[in-house]
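What follows is one structure encoded as structure tokens, with my remarks underneath.
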Protein chains: 2
Amino acid sequence: MTDAPVRVVVADDQAAIRTGLVLILGSAPGIEVVAEAADGLGAVAEAVRLRPDVVLMDIRMPGIDGIEATRRLVGDGVCDVLVLTTFDLDDYIDDALAAGAAGFLLKTVEAPALIAAVRSVARGDGVLAPEVTRRVLARLPAPTAPAPAQVPGLDELTAREREILGCLGEGLSNAEIAARLVITEATTKTHVSRVLTKLGLRSRVQAAIAARSAGLAG
Amino acid sequence: MTDAPVRVVVADDQAAIRTGLVLILGSAPGIEVVAEAADGLGAVAEAVRLRPDVVLMDIRMPGIDGIEATRRLVGDGVCDVLVLTTFDLDDYIDDALAAGAAGFLLKTVEAPALIAAVRSVARGDGVLAPEVTRRVLARLPAPTAPAPAQVPGLDELTAREREILGCLGEGLSNAEIAARLVITEATTKTHVSRVLTKLGLRSRVQAAIAARSAGLAG
DNA sequence: CGCCGCGTACATCCTTCGATCGACGCCGGG
DNA sequence: CCCGGCGTCGATCGAAGGATGTACGCGGCG
């Protein structure tokens, strides 16, 4: 299983860098560079044709850039992409990751780390350059709780009350909620009151905020 | 500068593993293991006493676990923590990162990678085990687009009105807004009315939603 | 069966909200 | 200088919201 070589396409518009990358990867056992490309379109074409395990993708390239090429390859499920760039810019990182890149490295990477990164991506894992990892981590303060955002009494709500809360999160008035749920406005008010009491809130505005942070509304 | 050795505290309750880690790190040039600990409290105590560059922290430990120990060390700004665990569980990863860990590795890591990781963390960078990187990345789909949410008439608001909108986004009542901005409730109502008119909304609840989606409130 | 908890429903009462007036002082530009 | 935009304050009034109390149907349980 592990003896099948990792097939890689290298895409970079600068011939010198491209050659260097090819040499580094080619020298690694178990890694085979099957094609090179000098622009985004070429990278996509070669990847579609050869179905490599990994595309090592530069960002700044003529025509469509590495980000767009990554988006296409990942979007179509062609292969994994390891983005490699000279510039440690947040925008690049965000765009690359949003495009679905499996990894993001800087060109300051040493050869052994590059080789390890390619192997990781081929294995289905991900890679982040240490220089950017901390910044990425810092911007993910709520990975464990975006959906179940802490709303203390949320679990005490009945299904109906949760429904009410969802409506509140959409900014509906009592009359609108009543119409949607086919109940009287008086009943709606009762539910709203219960929701507020159970959640310890003082107004429907706060309930709306809670509802949205809990993911109960758009 | 770079010749000052990286000082490390190793915390793991299993003596065999701890010894292995110490040997690996001790054999690396430029890395010095200054203390060992067998539980979370010990790790915190040693770190506070010795002020190392990095604490290599196991999660499952007697007394307070590695997560809590990490929280304390990072919270107090004592040092960076590299979390190391046997189990590739999302909960562990989330908790560790939420606690402020600079890195997260699995004990399947090879010696050279462990050494590189310690150096990265000491340099102020971050490290994620490749096995977990992809999962972490997958849960970060909107780093580039949460701030600039489209709110049509937002640019027509005056500075004061934007301030009002921010308060609305926090769920404050007119009286509370008045108190915070040191104006009369009557004035507050005037502003709120203007905001609603300019934004084409029908209630403060919708304004609160708009405010939050525009990033004007927490 | 009777009791109780729960969800649902309605009515009553008071507060808050929101719209719509009018008014004043301040500033900056025509 | 006068005008207009902005921020402030006030008053009124109808609509909406929120608290509180009551009531009914349903299910489980002793």
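We name chains A, B, ... by the order of the sequence lines, and we start the count at 1 in each one. The basis for the numbers below is simple: all heavy atoms, side chains too, and nothing from hydrogens, waters or symmetry mates.
Using a 4.0 Å heavy-atom distance criterion, B/T190 is classed as a base contact. Contact annotation for B/T184: backbone-only contact, meaning every heavy-atom pair under 4.0 Å involves sugar-phosphate atoms and none involves a base. Across all strands shown, A/T197 has no heavy atoms under 4.0 Å from either base or sugar-phosphate atoms. Residue contacts for A/S193: at a heavy-atom cut-off of 4.0 Å it reaches a base atom on one of the strands shown.
Residue A/K198 has its side chain nearest to C/dG7 when only C/dG7, C/dC17, C/dA9 are considered.
Rounded to a whole Å, the CZ atom of B/R160 is 16 Å from the P atom of C/dC27. Spacing between atom CD1 of A/I177 and atom P of C/dA9 amounts to 13 Å, rounded to whole angstrom units. The distance from atom CG of B/L172 to atom P of C/dT16 is 15 Å, rounded to the nearest whole Å. Counting to the nearest Å, the C1' atom of C/dT16 and the CG atom of A/L196 are 13 Å from each other. Atom CD1 in A/I183 sits roughly 8 Å away from atom P in C/dT8 (whole-Å rounding). Per the geometry, CD belonging to B/Q206 stands 10 Å off P belonging to C/dG18, to the nearest Å. Rounded to an integer number of Å, the gap from A/K189 NZ to C/dG7 C1' is 20 Å.
Each of A/R60, A/K107, A/M57 was evaluated against A/D12; a single residue qualifies, A/K107, per the side-chain contact (heavy atoms from CB on, under 4.5 Å) test. Checked options B/L82, B/I115, B/V127; the residue passing with B/S120 is B/V127 (criterion: side-chain contact (heavy atoms from CB on, under 4.5 Å)). Each of B/D88, B/D94, B/D91 was evaluated against B/R135; a single residue qualifies, B/D88, per the salt bridge (charged side-chain N to carboxylate O under 4.0 Å, His left out) test.
Between B/S203 and B/E161, it is B/E161 whose nearest contact on DNA chain D lies nearer the 5' terminus. Summary of the strand contacts: A/A186 and B/A159 both lie near DNA chain D, and taking for each the nucleotide with the nearest heavy atom, the more 5' one is attributed to B/A159.
One distance of note links CG of B/D53 with SG of B/C79; it measures 8.5 Å at 0.5 Å rounding. In this structure, A/L114 CG and A/R119 CZ are separated by 10.5 Å, a value rounded to the nearest 0.5 Å.
Scanning all heavy atoms of the two residues, the minimum distance from B/A35 to B/E46 falls at CB-OE1, 3.9 Å. For the residue pair A/A47 and A/V78, the shortest heavy atom distance occurs at O-CG1, 3.7 Å.
The base of C/dT16 is not paired with the side chain of A/R202 by any donor and acceptor separated by under 3.5 Å.
Within the structure, a side-chain polar atom (N or O) of B/R204 is placed less than 4.0 Å from OP1 or OP2 of C/dG18.
Here chain B contacts DNA chain D (any atom closer than 4.0 Å to a heavy atom, that is under 4.0 Å), and the contacts span D/dC6 to D/dG10 from 5' to 3'.
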